[in-house]
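Note sheet for the following structure.
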Amino acid sequence: MMHRRIIHLSQTDSTNRYLHDLKSEGEDMTVVVADYQTAGKGQGSNSWESEAGKNLLMSIRVQPTMVPPNKQFILSEAGALAVGEALATYTDGISLKWPNDIYWHDRKISGTLIQTAVSTQGLTSCIFGIGINVNQQAFHSDAPNPVSLWQILGREVPVEEVMLRVLDALNRELAHVWAEEFAVVRERYHQHLYRREGFYPYQDASGKFMAEIVCVENDGHLVLRDIHSCQRQYAFKEVTFCLLHE
């Protein structure tokens with residue numbers, strides 16, 4: 001079991017920023033959790049909508065020194081598996097949308113922003129910035145498909161309970177990474193992928209098309225096969241999963 005330190009904040013601009021600036025005290029895992037973020041971020045330029053005190057907003061820092069920089073996507077896979085595993089204890093229908101969002105059926109319940117630091121010796125730190133919609137009853141941003149545990153279950157769930165389940169699951173997933181059992185993590189990541197079987201609509205710079213998932217490569221590229229049997233490879237943000245109700 002990793003030695004972890006948990007810091008609780010009532011408010012901060014960003015748990016990722018706070019943790020980035022925080023010095024380590026020798027622990028294996030440092031966790032910063034906030035009731036509210038004034039500048040919570042998703043991937044790229046996206047923001048993360050969260051009503052104060054209703055959802056899980058946390059950042060987790062570990063030191064993945066044994067992971068080669070060219071294989072660091074394994075950390076994204078482990079993080080997604082951990083969040084998915086924790087949420088699957090509450091409801092069926094949980095899957096991992098490439099690269100590391102968590103979906104309940106066709107609706108997004110969680111997102112993760114990962115930031116790594118690299119030196120000449122390799123990876124020195126990894127911060128998982130995780131947002132999980134727990135008790136929010138309504139969403140008002142232009143995000144197309146958010147959902148919360150409250151909306152799924154019809155009841156409140158203790159936010160701290162969700163946090164501890166995620167941390168315990170992440171501890172288990174990272175144990176495989178630390179043991180360099182990368183194939184174990186990758187296989188389970190593929191098994192739980194959103195849209196892992198069948199043809200679905202996607203959109204890239206050339207327009208919409210139908211395709212099925214072939215795999216996610218070790219460096220994180222998504223490989224699709226379209227209806228003409230042509231394989232297409234994408235980095236993050238190069239392809240969009242079209243929602244079926246659009």
Side-chain angles (χ1 to χ4, degrees), residues 2-65 67 69 72-84 86-87 97 99-102 108-136 139-143 146 148 159-160 162-167 169-171 173-174 177 220 235-237:
M2 288 184 174
H3 174 247
R4 65 193 184 206
R5 174 170 53 137
I6 300 176
I7 299 168
H8 183 269
L9 306 172
S10 58
Q11 180 174 305
T12 186
D13 57 347
S14 161
T15 55
N16 266 31
R17 196 276 313 156
Y18 185 96
L19 187 51
H20 180 272
D21 295 343
L22 184 69
K23 290 184 178 180
S24 173
E25 294 183 356
E27 62 278 351
D28 301 313
M29 178 185 289
T30 311
V31 182
V32 174
V33 58
D35 295 331
Y36 183 66
Q37 289 185 124
T38 58
K41 285 181 61 61
Q43 295 282 3
S45 60
N46 297 338
S47 61
W48 183 264
E49 178 190 1
S50 181
E51 187 178 342
K54 294 294 186 180
N55 302 317
L56 178 57
L57 308 168
M58 70 173 173
S59 294
I60 305 164
R61 182 175 63 198
V62 296
Q63 288 78 38
T65 54
V67 178
Q72 62 182 289
F73 188 71
I74 196 71
L75 296 165
S76 183
E77 293 173 313
L81 279 167
V83 178
L87 291 174
K97 177 179 170 289
N100 50 21
D101 285 343
I102 310 301
K108 181 176 176 178
I109 191 170
S110 174
T112 299
L113 174 64
I114 294 181
Q115 298 173 314
T116 56
V118 183
S119 73
T120 55
Q121 285 75 40
L123 289 180
T124 56
S125 75
C126 174
I127 295 177
F128 301 86
I130 298 171
I132 299 177
N133 299 326
V134 181
N135 292 318
Q136 189 151 334
F139 295 89
H140 306 288
S141 74
D142 58 0
S148 67
V159 174
E160 183 177 8
V162 179
M163 177 191 73
L164 293 175
R165 291 190 186 191
V166 171
L167 293 179
L170 184 59
N171 189 82
E173 294 302 333
L174 289 179
V177 177
F236 183 55
K237 290 292 188 182

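All figures in this text were calculated on a predicted structure; none of them were measured in a lab. Below, each value reflects all heavy atoms present in this structure, side chains not excepted, and no hydrogens, waters or symmetry copies. One is the number of the first residue; the rest follow in order along the sequence.
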Can you name the nearest heavy-atom pair linking [X] to [Y], along with the distance?
{"X": "Thr15", "Y": "Leu57", "value": "CG2-O, 4.0 Å"}
{"X": "Lys108", "Y": "Gly111", "value": "CE-CA, 4.0 Å"}
{"X": "Ala82", "Y": "Ala169", "value": "O-CB, 3.5 Å"}
{"X": "Ala78", "Y": "Leu174", "value": "CB-CD2, 4.3 Å"}
{"X": "Pro99", "Y": "Ser76", "value": "O-OG, 4.0 Å"}
{"X": "Ile102", "Y": "Gly84", "value": "CD1-N, 3.9 Å"}

With a 4.5 Å limit on heavy-atom distance, are the side chains of [X] and [Y] in contact?
{"X": "Met58", "Y": "Met163", "value": "yes"}
{"X": "Val32", "Y": "Arg61", "value": "no"}
{"X": "Val159", "Y": "Val33", "value": "no"}
{"X": "Leu87", "Y": "Ser110", "value": "yes"}
{"X": "Phe139", "Y": "Asn133", "value": "yes"}

Test applied, side-chain contact (heavy atoms from CB on, under 4.5 Å); reference residue, [X]; option that passes from [options]:
{"X": "Ser59", "options": "Ile130, Leu22, Val31, Asn16", "value": "Asn16"}
{"X": "Asn55", "options": "Ile132, Val134, Asp35", "value": "Val134"}
{"X": "Arg4", "options": "Thr30, Leu170, Leu167, Val62", "value": "Leu167"}

Inset, instruction - Mark yes when over 12 heavy atoms from residues, nucleotides or ligands other than Gln11 sit less than 6.0 Å from its CD; otherwise mark no. - result: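 Atom CD in Gln11 is crowded, with more than 12 foreign heavy atoms closer than 6.0 Å.
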Legend entry - Gln136 side-chain N/O to Ser148 backbone N/O, donor-acceptor pair under 3.5 Å: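 Not at all, since once roles are kept as given, no pair shorter than 3.5 Å links the two residues.
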Quick check for you: to the nearest 0.5 Å, what is the distance between [X] atom [atom1] and [Y] atom [atom2]?
{"X": "Asn100", "Y": "Phe73", "atom1": "CG", "atom2": "CZ", "result": "7.0 Å"}
{"X": "Thr116", "Y": "Phe128", "atom1": "OG1", "atom2": "CZ", "result": "10.0 Å"}
{"X": "Glu51", "Y": "His140", "atom1": "CD", "atom2": "NE2", "result": "7.0 Å"}
{"X": "Arg5", "Y": "Ser24", "atom1": "CZ", "atom2": "OG", "result": "6.5 Å"}
{"X": "Thr12", "Y": "Gln37", "atom1": "OG1", "atom2": "CD", "result": "7.0 Å"}
{"X": "Leu164", "Y": "Ile6", "atom1": "CG", "atom2": "CD1", "result": "6.0 Å"}

Inset, instruction - For the pair Leu123 and Leu75, evaluate side-chain contact (heavy atoms from CB on, under 4.5 Å) and give the outcome as yes or no after the intermediate values. - result: CA-CA 11 Å; Leu123 289 180; Leu75 296 165; 4.0 Å; yes
